[in-house]
Every structure is written in structure tokens, then in C-alpha cells.
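Contents: one structure, followed by commentary.
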Amino acid sequence: MKNPQSLAEELYKQVIQTEAADKKMQEYAKTFSNMKAAEAAEILGAMTDNLELAAQILECLDVETRGKIMGSMEPTVAARITKIMNPNS
């Protein structure tokens with residue numbers, strides 16, 4: 001069993017890693033929100049090997065921007081991403 005200090009250090013490292021990942025995702029979202037919807041849709045839609053990442057980026061965008069981008073995507077790709085973003089459907 002780990003001692004409390006090493007457990008606290010491990011948790012702290014996890015928090016720092018999560019914050020760094022969140023910041024990186026926000027940077028990706030900002031990049032895509034500054035593109036034209038059709039350009040962003042083409043790039044995100046081409047990420048068929050990692051639609052989970054595309055979904056995470058889209059989830060960081062405001063609803064209007066996300067809608068414009070997804071509306072510019074191939075319908076089948078947009079549907080797959082939507083399913084990833086809402087796995088309960």
C-alpha cells in the first residue's frame with residue numbers, strides 16, 4: 001500500500017496531466033473555430049482513424065460553430081461523430 005505522500009504526489013501528477021490535456025484540446029478548438037466551417041469539416045472529417053479526437057475537439061466548440069462545421073461534413077462522418085459525442089443514442 002502506498003503511503004499518503006506518494007499517493008498525493010501521484011494524484012497531483014494526474015491533475016497536472018489532465019489540465020495540460022484540457023488546455024491542448026482548447027487550443028485545438030480555437031484553431032478550428034478560426035477556420036472556415038468547410039475547411040474545418042474537411043480536416044476533421046478526414047480523421048476517420050481517430051474520430052474520438054475529432055469529437056472531443058468539436059465538443060469544445062460553441063454550439064453555433066460546431067453546427068456549421070458538422071453541417072459541412074459528409075453526413076455519414078457527422079453521424080459517426082455525433083454517436084461518439086452522445087454514446088447513449
Side-chain angles (χ1 to χ4, degrees):
M1 185 168 180
K2 293 184 179 183
N3 68 43
Q5 183 175 355
S6 65
L7 182 58
E9 289 171 358
E10 188 175 315
L11 289 173
Y12 178 74
K13 286 179 186 177
Q14 289 176 356
V15 167
I16 296 299
Q17 288 172 344
T18 300
E19 286 178 357
D22 289 347
K23 184 177 181 202
K24 187 142 190 104
M25 199 58 61
Q26 289 298 327
E27 289 172 358
Y28 285 146
K30 186 175 181 180
T31 299
F32 282 99
S33 70
N34 287 324
M35 293 179 180
K36 291 181 181 176
E39 293 171 341
E42 187 174 344
I43 294 167
L44 292 168
M47 295 173 59
T48 55
D49 63 327
N50 196 354
L51 289 179
E52 290 79 13
L53 176 59
Q56 289 175 342
I57 293 168
L58 286 165
E59 286 177 327
C60 292
L61 298 172
D62 64 82
V63 174
E64 185 178 340
T65 303
R66 181 172 49 235
K68 287 179 182 178
I69 293 171
M70 292 186 76
S72 298
M73 287 182 171
E74 292 279 330
T76 54
V77 174
R80 288 175 60 199
I81 290 173
T82 301
K83 244 184 167 174
I84 292 167
M85 292 182 348
N86 185 11
N88 296 326
S89 64

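Note that the numbering runs from 1 along the sequence shown for the chain.
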In chain order, what residues pass the side chain to side chain donor-acceptor pair (under 3.5 Å) check against K68, with sequence neighbours excluded? E64
As an exercise, state the distance from CD of E59 to CG of N86, rounded to the nearest 0.5 Å. 9.0 Å
Can you tell me how far CD1 of I81 sits from CE of M70, rounded to the nearest 0.5 angstrom?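 So the gap between those two atoms works out to 5.5 Å.
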If you compare all heavy atoms of [X] against all heavy atoms of [Y], which two are closest, and at what distance to 0.1 Å?
X: M73; Y: V77; value: SD-CG1, 4.4 Å
X: M85; Y: A55; value: CG-CB, 3.6 Å
X: E52; Y: I84; value: N-CD1, 4.0 Å

For E39, does the CD atom have more than 12 heavy-atom neighbours from other residues, nucleotides or ligands under 6.0 Å away? yes
Just checking Q56: does its CD atom have more than 12 heavy atoms from other residues, nucleotides or ligands closer to it than 6.0 angstrom? yes
Flag side-chain contact, heavy atom, 4.5 Å: E74 against T48: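 Not touching, per the 4.5 Å side-chain cut-off.
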With a 3.5 Å cut-off and sequence neighbours excluded, list the donor-acceptor pairs that the side chains of residues 20-33 form with protein atoms.
unit_1, atom_1, unit_2, atom_2, d
T31, OG1, E27, O, 3.0
S33, OG, A29, O, 3.3
S33, OG, K30, O, 2.9

Pairing residues for D49 by the side chain to side chain contact (heavy atoms under 4.5 Å, CB included) criterion, not counting sequence neighbours: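 So D49 forms no side chain to side chain contact (heavy atoms under 4.5 Å, CB included) with any residue.
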